[in-house]
Participant: 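Below is one structure. I have some questions about it.
Below, chain A is the first sequence line, B the second, and so on; all start at residue 1. Heavy atoms only: backbone and side chains are in, while hydrogens, waters and symmetry mates are out.
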Amino acid sequence: MSKIKYELIKKEAHTQARLGKLYTNHGVYETPMFMPVGTQATVKTLAPEELKKVGSGIILANTYHLWLRPGEDIIAEAGGLHKFMNYDGPILTDSGGFQVFSLANPKNISEEGVMFKNHLNGDKMLLTPEKSIAIQNKLDSDIAMSFDECPPASASYEYMENSIKRTLRWAKRGKEAHNNPHQALFGIVQGGAYKDLRKYSAIKTVELDFDGYSIGGVANDNESKEDMYKAIEYSTPYLPADKVRYLMGVGEPKDIIEGVIRGVDIFDCVLPTRLARHGHAFTKYGKINLKNAKFKKDFTPIDETCDCYTCQNYTKAYIKHLINANETFGARLISLHNIRFLIKLTEDLKEAIKNDNIMEFKTEFYQNYYGEK
RNA sequence: GCGGAAUUGGUGAAGUGGUUAACACGCCGGAUUGUGGCUCCGGUAUGCAUGGGUUCGAUCCCCAUAUUUCGCC
(Lines give C-alpha, C1' and ligand atoms only; values in the text may rest on other atoms or scores of the structure.)
Protein backbone atom coordinates (compact mmCIF):
# COMPACT_ATOMS: atom_id res chain seq x y z
CA MET A 1 0.00 0.00 0.00
CA SER A 2 2.97 2.26 0.27
CA LYS A 3 3.18 4.71 -2.57
CA ILE A 4 6.61 6.18 -2.61
CA LYS A 5 8.97 7.33 0.06
CA TYR A 6 11.98 9.55 -0.16
CA GLU A 7 14.75 9.35 2.38
CA LEU A 8 17.35 12.07 2.47
CA ILE A 9 20.65 10.34 3.18
CA LYS A 10 23.06 13.21 2.99
CA LYS A 11 23.43 16.79 1.85
CA GLU A 12 26.59 17.83 0.13
CA ALA A 13 28.62 20.20 2.28
CA HIS A 14 28.95 23.15 -0.10
CA THR A 15 25.86 23.01 -2.33
CA GLN A 16 22.21 22.03 -2.27
CA ALA A 17 23.01 18.63 -3.76
CA ARG A 18 21.30 15.69 -2.09
CA LEU A 19 21.95 11.99 -1.86
CA GLY A 20 18.74 10.13 -1.26
CA LYS A 21 16.88 6.88 -1.46
CA LEU A 22 13.61 6.39 -3.22
CA TYR A 23 11.40 3.52 -2.08
CA THR A 24 8.94 2.42 -4.73
CA ASN A 25 6.66 -0.55 -5.18
CA HIS A 26 9.15 -1.79 -7.74
CA GLY A 27 12.40 -1.43 -5.91
CA VAL A 28 14.58 0.98 -3.98
CA TYR A 29 16.80 3.38 -5.88
CA GLU A 30 19.34 5.99 -4.99
CA THR A 31 19.09 9.55 -6.21
CA PRO A 32 20.23 11.62 -8.06
CA MET A 33 18.72 9.54 -10.81
CA PHE A 34 18.21 9.80 -14.55
CA MET A 35 15.03 8.38 -16.05
CA PRO A 36 15.11 7.22 -19.68
CA VAL A 37 12.02 8.18 -21.63
CA GLY A 38 9.75 5.47 -23.01
CA THR A 39 6.91 7.49 -24.41
CA GLN A 40 5.00 4.69 -26.05
CA ALA A 41 5.68 2.05 -23.42
CA THR A 42 9.15 1.40 -24.78
CA VAL A 43 12.44 3.18 -24.49
CA LYS A 44 13.00 3.33 -28.20
CA THR A 45 15.07 0.40 -29.47
CA LEU A 46 15.92 -0.98 -26.02
CA ALA A 47 14.69 -3.99 -24.08
CA PRO A 48 13.87 -3.78 -20.36
CA GLU A 49 16.76 -6.08 -19.42
CA GLU A 50 19.15 -3.77 -21.24
CA LEU A 51 17.88 -0.79 -19.30
CA LYS A 52 18.44 -2.61 -16.06
CA LYS A 53 21.90 -3.60 -17.12
CA VAL A 54 22.94 0.01 -17.60
CA GLY A 55 21.62 0.79 -14.13
CA SER A 56 18.43 2.63 -14.91
CA GLY A 57 15.74 2.85 -12.26
CA ILE A 58 12.50 4.59 -13.06
CA ILE A 59 11.48 5.00 -16.68
CA LEU A 60 8.96 7.48 -18.01
CA ALA A 61 5.95 6.68 -20.16
CA ASN A 62 3.41 9.05 -21.60
CA THR A 63 -0.25 9.31 -20.77
CA TYR A 64 -1.19 11.17 -23.92
CA HIS A 65 0.34 8.66 -26.31
CA LEU A 66 -0.91 5.58 -24.48
CA TRP A 67 -4.36 7.09 -24.21
CA LEU A 68 -4.53 7.43 -27.99
CA ARG A 69 -2.87 4.11 -28.66
CA PRO A 70 -3.45 1.41 -27.63
CA GLY A 71 -5.80 2.98 -25.05
CA GLU A 72 -5.62 2.72 -21.27
CA ASP A 73 -8.32 0.04 -21.12
CA ILE A 74 -6.25 -2.40 -23.12
CA ILE A 75 -3.27 -1.76 -20.87
CA ALA A 76 -5.46 -2.20 -17.80
CA GLU A 77 -6.75 -5.45 -19.25
CA ALA A 78 -3.19 -6.59 -19.78
CA GLY A 79 -2.67 -6.14 -16.08
CA GLY A 80 -1.23 -2.64 -16.06
CA LEU A 81 1.68 -0.96 -17.76
CA HIS A 82 4.37 -3.03 -16.04
CA LYS A 83 2.94 -6.30 -17.25
CA PHE A 84 2.00 -4.90 -20.62
CA MET A 85 5.54 -3.83 -21.42
CA ASN A 86 7.34 -6.44 -19.31
CA TYR A 87 9.11 -3.90 -17.13
CA ASP A 88 9.21 -4.68 -13.43
CA GLY A 89 11.06 -1.53 -12.42
CA PRO A 90 9.24 1.64 -11.45
CA ILE A 91 7.38 3.66 -14.08
CA LEU A 92 6.41 7.30 -13.99
CA THR A 93 3.74 8.52 -16.35
CA ASP A 94 3.80 12.04 -17.67
CA SER A 95 0.39 13.63 -17.55
CA GLY A 96 0.03 14.89 -21.09
CA GLY A 97 0.78 18.38 -19.84
CA PHE A 98 3.77 18.73 -22.06
CA GLN A 99 1.56 18.05 -25.06
CA VAL A 100 -0.29 21.21 -24.14
CA PHE A 101 2.92 22.95 -24.93
CA SER A 102 4.01 20.93 -27.93
CA LEU A 103 0.75 19.99 -29.64
CA ALA A 104 -2.17 22.16 -28.62
CA ASN A 105 -2.85 25.54 -30.01
CA PRO A 106 -2.72 27.90 -27.00
CA LYS A 107 -6.20 29.15 -27.63
CA ASN A 108 -7.45 25.63 -27.06
CA ILE A 109 -6.57 25.81 -23.39
CA SER A 110 -9.55 26.49 -21.15
CA GLU A 111 -10.35 26.20 -17.47
CA GLU A 112 -11.82 22.82 -18.12
CA GLY A 113 -8.81 21.36 -19.92
CA VAL A 114 -7.06 21.26 -23.27
CA MET A 115 -8.40 20.47 -26.70
CA PHE A 116 -5.89 18.38 -28.61
CA LYS A 117 -5.86 17.53 -32.21
CA ASN A 118 -5.12 13.84 -32.11
CA HIS A 119 -1.88 13.52 -34.05
CA LEU A 120 -2.81 10.09 -35.36
CA ASN A 121 -6.05 10.88 -37.11
CA GLY A 122 -6.82 14.53 -36.51
CA ASP A 123 -9.71 13.93 -34.12
CA LYS A 124 -10.34 16.65 -31.59
CA MET A 125 -10.02 15.35 -28.06
CA LEU A 126 -10.38 16.99 -24.68
CA LEU A 127 -7.87 16.19 -21.98
CA THR A 128 -8.74 17.41 -18.50
CA PRO A 129 -6.98 17.00 -15.15
CA GLU A 130 -9.57 14.40 -14.15
CA LYS A 131 -9.19 12.52 -17.40
CA SER A 132 -5.39 12.54 -17.24
CA ILE A 133 -5.44 11.17 -13.71
CA ALA A 134 -8.09 8.57 -14.56
CA ILE A 135 -5.94 7.32 -17.45
CA GLN A 136 -2.86 7.19 -15.26
CA ASN A 137 -4.80 5.36 -12.55
CA LYS A 138 -5.66 2.71 -15.10
CA LEU A 139 -2.16 2.53 -16.53
CA ASP A 140 -1.16 1.81 -12.94
CA SER A 141 2.23 3.48 -13.07
CA ASP A 142 4.15 3.94 -9.83
CA ILE A 143 4.08 7.70 -10.13
CA ALA A 144 1.42 9.81 -11.80
CA MET A 145 2.02 13.42 -12.72
CA SER A 146 -0.42 16.25 -12.23
CA PHE A 147 -1.88 17.65 -15.40
CA ASP A 148 -0.24 21.04 -15.90
CA GLU A 149 0.27 23.68 -18.51
CA CYS A 150 3.86 24.04 -19.61
CA PRO A 151 4.03 27.60 -20.88
CA PRO A 152 6.86 28.70 -23.14
CA ALA A 153 9.79 30.21 -21.28
CA SER A 154 9.21 33.38 -23.27
CA ALA A 155 5.68 33.83 -21.88
CA SER A 156 4.91 37.22 -20.40
CA TYR A 157 4.59 37.71 -16.65
CA GLU A 158 0.88 38.15 -17.03
CA TYR A 159 0.39 35.01 -19.06
CA MET A 160 2.61 33.06 -16.71
CA GLU A 161 0.75 34.26 -13.63
CA ASN A 162 -2.61 33.19 -15.03
CA SER A 163 -1.13 29.94 -16.22
CA ILE A 164 0.39 28.88 -12.89
CA LYS A 165 -2.83 29.69 -11.07
CA ARG A 166 -4.80 27.55 -13.46
CA THR A 167 -2.22 24.80 -13.15
CA LEU A 168 -2.72 24.95 -9.38
CA ARG A 169 -6.47 24.60 -9.80
CA TRP A 170 -5.85 21.69 -12.14
CA ALA A 171 -3.48 20.13 -9.61
CA LYS A 172 -6.17 20.30 -6.93
CA ARG A 173 -8.78 18.80 -9.24
CA GLY A 174 -6.36 16.05 -10.24
CA LYS A 175 -5.56 15.23 -6.66
CA GLU A 176 -9.22 14.96 -5.80
CA ALA A 177 -9.79 12.71 -8.80
CA HIS A 178 -6.83 10.50 -8.02
CA ASN A 179 -8.04 7.05 -7.12
CA ASN A 180 -5.27 4.48 -7.11
CA PRO A 181 -4.08 3.66 -3.60
CA HIS A 182 -0.66 2.37 -4.57
CA GLN A 183 0.16 5.06 -7.09
CA ALA A 184 2.01 8.22 -6.04
CA LEU A 185 1.01 11.62 -7.41
CA PHE A 186 3.44 14.47 -8.01
CA GLY A 187 2.71 18.19 -8.21
CA ILE A 188 4.42 20.46 -10.72
CA VAL A 189 5.91 23.88 -10.06
CA GLN A 190 5.75 26.37 -12.93
CA GLY A 191 6.51 30.07 -13.27
CA GLY A 192 9.24 30.45 -15.86
CA ALA A 193 12.21 32.46 -14.69
CA TYR A 194 10.03 34.81 -12.62
CA LYS A 195 11.21 34.62 -9.04
CA ASP A 196 7.98 35.46 -7.26
CA LEU A 197 5.90 33.25 -9.54
CA ARG A 198 8.14 30.24 -8.92
CA LYS A 199 7.94 30.91 -5.21
CA TYR A 200 4.17 31.27 -5.32
CA SER A 201 3.74 28.18 -7.45
CA ALA A 202 6.05 26.12 -5.22
CA ILE A 203 4.42 27.16 -1.94
CA LYS A 204 0.89 26.68 -3.24
CA THR A 205 1.71 23.33 -4.83
CA VAL A 206 3.29 22.09 -1.61
CA GLU A 207 0.20 23.20 0.29
CA LEU A 208 -1.76 20.70 -1.77
CA ASP A 209 0.52 18.01 -0.33
CA PHE A 210 1.81 15.72 -3.06
CA ASP A 211 4.04 12.65 -2.83
CA GLY A 212 6.80 14.41 -4.71
CA TYR A 213 7.41 17.66 -6.57
CA SER A 214 8.49 18.54 -10.06
CA ILE A 215 9.94 21.61 -11.59
CA GLY A 216 8.44 22.06 -15.01
CA GLY A 217 8.56 24.51 -17.84
CA VAL A 218 12.31 24.50 -18.32
CA ALA A 219 14.44 23.67 -21.34
CA ASN A 220 11.87 24.80 -23.81
CA ASP A 221 11.47 27.61 -26.30
CA ASN A 222 15.16 28.50 -26.56
CA GLU A 223 15.26 29.33 -22.89
CA SER A 224 18.75 30.39 -21.80
CA LYS A 225 20.74 28.21 -19.43
CA GLU A 226 20.79 31.09 -17.04
CA ASP A 227 17.00 31.23 -16.92
CA MET A 228 16.78 27.49 -16.49
CA TYR A 229 19.10 27.55 -13.49
CA LYS A 230 17.19 30.49 -12.06
CA ALA A 231 13.92 28.60 -12.42
CA ILE A 232 15.42 25.79 -10.36
CA GLU A 233 16.95 28.09 -7.75
CA TYR A 234 13.69 29.95 -7.34
CA SER A 235 11.78 26.69 -6.77
CA THR A 236 13.80 24.25 -4.67
CA PRO A 237 14.02 26.38 -1.48
CA TYR A 238 10.27 26.03 -1.05
CA LEU A 239 10.12 22.28 -1.57
CA PRO A 240 10.09 20.03 1.52
CA ALA A 241 13.33 18.21 2.27
CA ASP A 242 11.58 14.90 2.80
CA LYS A 243 10.03 14.73 -0.65
CA VAL A 244 11.75 13.90 -3.91
CA ARG A 245 12.33 16.61 -6.54
CA TYR A 246 12.12 15.99 -10.22
CA LEU A 247 13.29 18.40 -12.91
CA MET A 248 11.22 17.64 -15.96
CA GLY A 249 12.70 17.19 -19.38
CA VAL A 250 16.30 17.96 -18.60
CA GLY A 251 19.15 15.81 -19.69
CA GLU A 252 22.19 17.61 -21.04
CA PRO A 253 25.12 16.54 -18.87
CA LYS A 254 25.77 20.12 -17.84
CA ASP A 255 22.14 20.70 -16.86
CA ILE A 256 22.04 17.53 -14.80
CA ILE A 257 25.09 18.65 -12.85
CA GLU A 258 23.74 22.17 -12.36
CA GLY A 259 20.37 20.75 -11.36
CA VAL A 260 21.85 18.42 -8.76
CA ILE A 261 23.88 21.26 -7.31
CA ARG A 262 20.63 23.19 -6.90
CA GLY A 263 18.91 20.35 -5.09
CA VAL A 264 17.26 18.26 -7.81
CA ASP A 265 17.00 14.48 -7.40
CA ILE A 266 15.47 13.14 -10.60
CA PHE A 267 15.78 14.02 -14.29
CA ASP A 268 14.28 12.68 -17.46
CA CYS A 269 15.12 13.45 -21.04
CA VAL A 270 14.66 12.23 -24.57
CA LEU A 271 18.08 13.50 -25.48
CA PRO A 272 20.15 10.31 -25.11
CA THR A 273 17.82 8.30 -27.32
CA ARG A 274 17.01 11.04 -29.80
CA LEU A 275 20.65 12.00 -30.21
CA ALA A 276 21.43 8.33 -30.69
CA ARG A 277 18.97 8.02 -33.53
CA HIS A 278 20.68 10.95 -35.19
CA GLY A 279 24.15 9.53 -34.67
CA HIS A 280 25.36 11.64 -31.76
CA ALA A 281 27.01 10.19 -28.70
CA PHE A 282 28.07 11.53 -25.33
CA THR A 283 31.69 10.95 -24.40
CA LYS A 284 33.90 11.98 -21.54
CA TYR A 285 35.45 14.53 -23.87
CA GLY A 286 32.25 15.98 -25.23
CA LYS A 287 29.47 15.09 -27.61
CA ILE A 288 30.54 13.56 -30.90
CA ASN A 289 28.71 13.18 -34.19
CA LEU A 290 29.40 9.72 -35.53
CA LYS A 291 28.33 10.84 -38.98
CA ASN A 292 31.49 12.93 -39.20
CA ALA A 293 33.88 11.68 -41.88
CA LYS A 294 36.76 11.58 -39.42
CA PHE A 295 35.31 8.45 -37.80
CA LYS A 296 35.34 6.43 -41.02
CA LYS A 297 38.42 4.49 -39.98
CA ASP A 298 38.21 4.98 -36.24
CA PHE A 299 38.29 1.47 -34.85
CA THR A 300 38.12 2.53 -31.22
CA PRO A 301 35.02 2.58 -28.99
CA ILE A 302 32.82 5.66 -28.62
CA ASP A 303 34.29 6.22 -25.17
CA GLU A 304 37.36 4.34 -23.98
CA THR A 305 36.36 4.95 -20.37
CA CYS A 306 32.81 3.60 -20.74
CA ASP A 307 31.76 0.21 -19.38
CA CYS A 308 28.65 -0.23 -21.53
CA TYR A 309 27.98 -3.13 -23.90
CA THR A 310 28.44 -0.89 -26.92
CA CYS A 311 31.83 0.42 -25.88
CA GLN A 312 32.99 -3.04 -24.86
CA ASN A 313 32.19 -4.55 -28.23
CA TYR A 314 31.85 -2.06 -31.06
CA THR A 315 33.91 0.60 -32.83
CA LYS A 316 33.04 4.07 -34.01
CA ALA A 317 33.74 3.06 -37.60
CA TYR A 318 31.19 0.24 -37.41
CA ILE A 319 28.53 2.31 -35.67
CA LYS A 320 29.10 5.15 -38.12
CA HIS A 321 28.51 2.71 -40.93
CA LEU A 322 25.26 1.51 -39.32
CA ILE A 323 24.03 5.09 -38.87
CA ASN A 324 24.98 6.04 -42.42
CA ALA A 325 23.22 2.97 -43.74
CA ASN A 326 20.19 3.80 -41.61
CA GLU A 327 20.39 0.52 -39.77
CA THR A 328 18.45 0.54 -36.51
CA PHE A 329 21.14 -1.42 -34.73
CA GLY A 330 23.26 1.71 -34.82
CA ALA A 331 20.60 3.75 -33.01
CA ARG A 332 20.28 0.91 -30.53
CA LEU A 333 23.97 0.75 -29.75
CA ILE A 334 24.26 4.49 -29.27
CA SER A 335 21.04 4.68 -27.23
CA LEU A 336 22.43 2.09 -24.88
CA HIS A 337 25.66 4.01 -24.55
CA ASN A 338 24.08 7.44 -24.15
CA ILE A 339 21.75 6.25 -21.41
CA ARG A 340 24.61 4.50 -19.67
CA PHE A 341 26.62 7.73 -19.93
CA LEU A 342 23.97 9.78 -18.13
CA ILE A 343 23.39 7.13 -15.49
CA LYS A 344 27.12 6.90 -14.92
CA LEU A 345 27.09 10.67 -14.50
CA THR A 346 24.50 10.39 -11.74
CA GLU A 347 26.58 7.64 -10.12
CA ASP A 348 29.60 9.92 -10.14
CA LEU A 349 27.48 12.72 -8.71
CA LYS A 350 26.34 10.46 -5.87
CA GLU A 351 29.95 9.68 -5.12
CA ALA A 352 30.82 13.38 -5.17
CA ILE A 353 28.01 14.15 -2.72
CA LYS A 354 29.30 11.47 -0.39
CA ASN A 355 32.75 12.98 -0.61
CA ASP A 356 31.57 16.59 -0.36
CA ASN A 357 33.51 17.52 -3.49
CA ILE A 358 30.82 18.11 -6.05
CA MET A 359 32.23 21.46 -7.19
CA GLU A 360 35.58 19.84 -7.84
CA PHE A 361 33.83 17.08 -9.74
CA LYS A 362 31.98 19.67 -11.78
CA THR A 363 35.17 21.55 -12.65
CA GLU A 364 36.89 18.38 -13.76
CA PHE A 365 33.89 17.18 -15.75
CA TYR A 366 33.60 20.51 -17.55
CA GLN A 367 37.31 20.51 -18.33
CA ASN A 368 36.98 17.16 -20.02
CA TYR A 369 33.57 17.57 -21.61
CA TYR A 370 33.62 21.17 -22.71
CA GLY A 371 37.35 21.73 -22.76
CA GLU A 372 36.88 24.50 -20.19
CA LYS A 373 39.67 25.57 -17.91
C1' G B 1 30.46 0.74 -92.66
C1' C B 2 25.95 4.16 -93.04
C1' G B 3 22.22 7.11 -90.54
C1' G B 4 19.88 9.19 -86.04
C1' A B 5 20.08 10.73 -80.87
C1' A B 6 22.70 12.06 -76.72
C1' U B 7 26.99 14.09 -73.75
C1' U B 8 25.34 19.49 -67.56
C1' G B 9 28.55 18.21 -60.15
C1' G B 10 29.54 11.87 -56.85
C1' U B 11 24.42 10.12 -58.96
C1' G B 12 19.46 11.12 -61.36
C1' A B 13 18.51 15.14 -63.83
C1' A B 14 15.97 20.73 -65.05
C1' G B 15 17.34 24.85 -67.84
C1' U B 16 18.29 29.64 -70.75
C1' G B 17 21.87 33.48 -76.05
C1' G B 18 22.88 38.11 -71.20
C1' U B 19 23.80 39.37 -63.28
C1' U B 20 24.67 34.21 -58.40
C1' A B 21 23.20 26.71 -63.56
C1' A B 22 16.55 24.56 -60.64
C1' C B 23 15.39 20.32 -57.94
C1' A B 24 16.29 15.50 -55.71
C1' C B 25 19.65 11.92 -53.72
C1' G B 26 24.56 11.51 -52.00
C1' C B 27 28.45 13.86 -49.58
C1' C B 28 30.29 17.61 -45.73
C1' G B 29 28.82 20.24 -41.37
C1' G B 30 25.23 21.81 -37.57
C1' A B 31 20.75 21.39 -34.53
C1' U B 32 17.96 18.31 -31.08
C1' U B 33 16.38 18.98 -23.23
C1' G B 34 8.31 16.16 -19.49
C1' U B 35 9.82 12.38 -28.05
C1' G B 36 4.10 13.42 -33.57
C1' G B 37 11.77 8.16 -34.04
C1' C B 38 14.43 7.84 -39.09
C1' U B 39 13.43 15.07 -38.60
C1' C B 40 15.00 20.07 -39.23
C1' C B 41 18.78 23.86 -40.87
C1' G B 42 23.12 25.11 -43.62
C1' G B 43 27.12 24.00 -47.30
C1' U B 44 28.29 21.43 -51.65
C1' A B 45 29.35 22.36 -60.48
C1' U B 46 34.91 29.44 -61.23
C1' G B 47 31.55 25.41 -64.68
C1' C B 48 27.51 22.54 -68.55
C1' A B 49 32.46 16.12 -73.20
C1' U B 50 37.08 18.30 -75.98
C1' G B 51 38.89 21.85 -79.68
C1' G B 52 37.53 25.64 -82.92
C1' G B 53 33.90 29.27 -84.85
C1' U B 54 29.49 32.90 -84.94
C1' U B 55 28.17 36.92 -81.43
C1' C B 56 29.01 42.81 -77.71
C1' G B 57 28.09 38.12 -74.94
C1' A B 58 27.37 31.14 -75.35
C1' U B 59 26.14 25.70 -71.31
C1' C B 60 22.32 27.07 -74.81
C1' C B 61 23.72 28.53 -82.37
C1' C B 62 27.49 26.29 -86.16
C1' C B 63 31.74 22.88 -87.38
C1' A B 64 35.16 19.07 -86.12
C1' U B 65 36.78 15.31 -82.73
C1' A B 66 35.82 11.81 -78.77
C1' U B 67 32.52 8.83 -76.08
C1' U B 68 27.73 6.54 -75.30
C1' U B 69 23.41 4.73 -77.39
C1' C B 70 19.62 3.30 -81.06
C1' G B 71 18.43 1.65 -86.04
C1' C B 72 20.08 -0.45 -90.78
C1' C B 73 23.64 -3.34 -93.70
Participant: Write down the distance between CZ (A:Phe295) and P (B:C28), rounded to a whole number of angstrom.
Facilitator: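 Result: 12 Å.
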
Participant: Find the distance A:Met228:CE to B:G34:C1' and express it as a whole number of Å.
Facilitator: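 In whole Å, B:G34 C1' and A:Met228 CE are 12 Å from each other.
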
Participant: What I want to find out is whether A:Glu252 reaches A:Lys287 closely enough, with some N-O distance under 4.0 Å, to be called a salt bridge.
Facilitator: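 A salt bridge is absent here (no side-chain N lies under 4.0 Å from a carboxylate O).
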
Participant: For B:G36, does OP1 or OP2 lie under 4.0 Å from any side-chain N or O of A:His65?
Facilitator: yes

Participant: Donor-acceptor pair under 3.5 Å: do we get one between A:Arg277's side chain and the base of B:U32?
Facilitator: no

Participant: Measuring from the side chain of A:Ala293 (C-beta onward, heavy atoms only), which nucleotide among B:C28, B:U32, B:G37 has the closest atom?
Facilitator: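 Selected nucleotide (nearest to the side chain): B:C28.
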
Participant: Do A:Lys344's NZ or CZ and the ring of A:Phe34 fall within the cation-pi criteria of under 6.0 Å and 45°?
Facilitator: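 Cation-pi check for A:Lys344 and A:Phe34: fails.
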
Participant: Could you see if A:Ile288 belongs to whatever hydrophobic cluster contains A:Phe299? Use Ile, Leu, Val, Met, Phe, Trp, Tyr and a side-chain cutoff under 4.5 Å.
Facilitator: no

Participant: Which ones in residues 330-337 of chain A lie close to RNA chain B, meaning a heavy atom under 4.0 Å from one of its atoms?
Facilitator: none

Participant: Looking at every strand, decide which applies to A:Gln190 at a 4.0 Å heavy-atom threshold: base, sugar-phosphate, or nothing.
Facilitator: base

Participant: Please tell me which of A:Asn326 and A:Lys294 maps to the more 5' nucleotide of RNA chain B, matching each residue to the nucleotide holding its nearest heavy atom.
Facilitator: A:Lys294

Participant: My validator wants the stems of RNA chain B: runs of 3 or more consecutive Watson-Crick or G-U pairs, both distances under 3.5 Å, written as range with range.
Facilitator: B:1-7 with B:66-72, B:10-12 with B:23-25, B:26-31 with B:39-44, B:49-53 with B:61-65

Participant: Establish, from distance only, whether the side-chain atoms of A:Glu112 and A:Thr128 form a donor-acceptor pair under 3.5 Å.
Facilitator: no

Participant: Just checking A:Lys225: base, sugar-phosphate only, or nothing, at a heavy-atom cut-off of under 4.0 Å?
Facilitator: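 If one applies the 4.0 Å heavy-atom cut-off, A:Lys225 turns out to touch a base.
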
Participant: Out of B:C28, B:G34, B:G37, which nucleotide sits closest to the side chain of A:Met248?
Facilitator: B:G34

Participant: So, is A:Gln99 close to the B:G34 phosphate, meaning a side-chain N or O under 4.0 Å from OP1 or OP2?
Facilitator: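 Answer is no, no contact under 4.0 Å.
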
Participant: Does a side chain donor of either A:Thr300 or A:Lys316 reach within less than 3.5 Å of an acceptor in the other side chain?
Facilitator: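 The answer is yes; a qualifying pair exists.
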
Participant: Reckon A:Leu92 touches a base, only the sugar-phosphate, or nothing at all at heavy-atom distances under 4.0 Å?
Facilitator: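 Contact class for A:Leu92: none.
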
Participant: Find out whether the Lys NZ or Arg CZ of A:Lys5 is both under 6.0 angstrom from the six-membered ring centre of A:Tyr23 and within 45° of the ring's axis.
Facilitator: yes

Participant: Is any NZ, NE, NH1 or NH2 atom of the basic residue among A:Lys320 and A:Asp298 found under 4.0 Å from an Asp or Glu carboxylate oxygen of the other?
Facilitator: no

Participant: Testing A:Asp140, A:Ile4, A:Asp142 one by one against A:His182 for a side chain to side chain contact (heavy atoms under 4.5 Å, CB included), which residue passes?
Facilitator: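 It is A:Asp140, the one option of A:Asp140, A:Ile4, A:Asp142 that forms the side chain to side chain contact (heavy atoms under 4.5 Å, CB included) with A:His182.
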
Participant: For nucleotides B:C23 and B:G9, find the distance between their C1' atoms and express it as a whole number of Å.
Facilitator: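 That atom pair is separated by 14 Å.
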
Participant: Would the A:Phe210 and A:Phe186 ring centres measure less than 6.0 Å apart?
Facilitator: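 No, they do not, as the ring centres are separated by 6.0 Å or more.
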
Participant: Using distance alone, with no hydrogens and no angle criterion, decide if A:Ser141 and A:Gln183 have a side-chain donor and acceptor under 3.5 Å apart.
Facilitator: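 Present: a donor and an acceptor within the cut-off.
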
Participant: Pull out every residue in residues 256-275 of chain A that has a heavy atom closer than 4.0 Å to any atom of RNA chain B, ordered by number, or say none.
Facilitator: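 RNA chain B contact set from residues 256-275 of chain A: A:Asp268, A:Cys269, A:Val270, A:Leu271, A:Thr273, A:Arg274, A:Leu275.
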
Participant: Going by side chain to side chain contact (heavy atoms under 4.5 Å, CB included), name the residues that satisfy it together with A:His119, two or more places apart in sequence or in a different chain.
Facilitator: A:Tyr64, A:His65, A:Leu68

Participant: Work out how far the C1' atom of B:C41 is from that of B:U46, and round it to whole angstrom.
Facilitator: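 The same atom, C1', in both gives a distance of 27 Å.
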
Participant: I need the CG-C1' distance between A:Asp148 and B:G34, as an integer number of Å.
Facilitator: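 In whole Å, B:G34 C1' lies 8 Å from A:Asp148 CG.
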
Participant: Among pairs that include at least one residue of residues 49-59 of chain A, which meet side chain to side chain donor-acceptor pair (under 3.5 Å), considering only residues two or more places apart or in two chains?
Facilitator: A:Glu50-A:Arg332, A:Lys52-A:Asp88

Participant: State whether A:Glu233 and A:Lys195 are salt-bridged, where the test is any N-O pair (Lys NZ or Arg NE/NH1/NH2 against Asp/Glu carboxylate O) under 4.0 Å.
Facilitator: no

Participant: On a whole-Å scale, what distance lies between the P atoms belonging to B:U19 and B:C48?
Facilitator: 15 Å

Participant: Mind checking the C1' distance from B:A66 to B:A22? Whole angstroms is fine.
Facilitator: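 Straight-line distance between the two C1' atoms is 29 Å.
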
Participant: Do A:Lys243 and A:Asp211 sit within salt-bridge range, that is, some charged N less than 4.0 Å from a carboxylate O?
Facilitator: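 No, no charged N to carboxylate O under 4.0 Å.
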
Participant: If we take the C1' atom in both B:G10 and B:C2, what is their distance in whole Å?
Facilitator: 37 Å

Participant: Which value, in whole Å, describes the distance between the C1' atoms of nucleotides B:C27 and B:U16?
Facilitator: 28 Å

Participant: Output the rounded distance in Å from CD1 (A:Ile59) to P (B:G34).
Facilitator: 15 Å

Participant: Looking only at the side chain of A:His278 (C-beta and beyond, no hydrogens), which of the listed nucleotides B:C28, B:G34, B:U39 gets closest?
Facilitator: B:U39

Participant: Is any NZ, NE, NH1 or NH2 atom of the basic residue among A:Glu258 and A:Lys254 found under 4.0 Å from an Asp or Glu carboxylate oxygen of the other?
Facilitator: no

Participant: Whole angstroms only, please: what is the OH-P distance between A:Tyr64 and B:U35?
Facilitator: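 The distance from OH of A:Tyr64 to P of B:U35 comes to 11 Å, rounded to the nearest Å.
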
Participant: Output the rounded distance in Å from NZ (A:Lys296) to C1' (B:G29).
Facilitator: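 Nearest whole value for this atom pair: 14 Å.
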
Participant: Does the ring centre of A:Phe329 sit less than 6.0 Å away from the ring centre of A:Tyr314?
Facilitator: yes

Participant: Check the distance between B:U32's P and A:Lys291's NZ and give it to me in whole angstrom.
Facilitator: 14 Å

Participant: Using whole Å, what does the distance between atom C1' of nucleotide B:G34 and atom CD of A:Gln40 come to?
Facilitator: 15 Å

Participant: Strictly below 4.0 Å: does A:Asn289 bring a side-chain N or O up to OP1 or OP2 of B:G29?
Facilitator: no

Participant: B:U50 and B:C73: how far apart are their P atoms, nearest whole angstrom?
Facilitator: 36 Å

Participant: Where along residues 209-221 of chain A does a heavy atom come under 4.0 Å from RNA chain B, residue by residue in number order?
Facilitator: A:Gly217, A:Ala219

Participant: For B:G51 versus B:U8, give the span between their P atoms, rounded off to a whole number of Å.
Facilitator: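 My reading of the P atoms in B:G51 and B:U8 gives 16 Å.
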
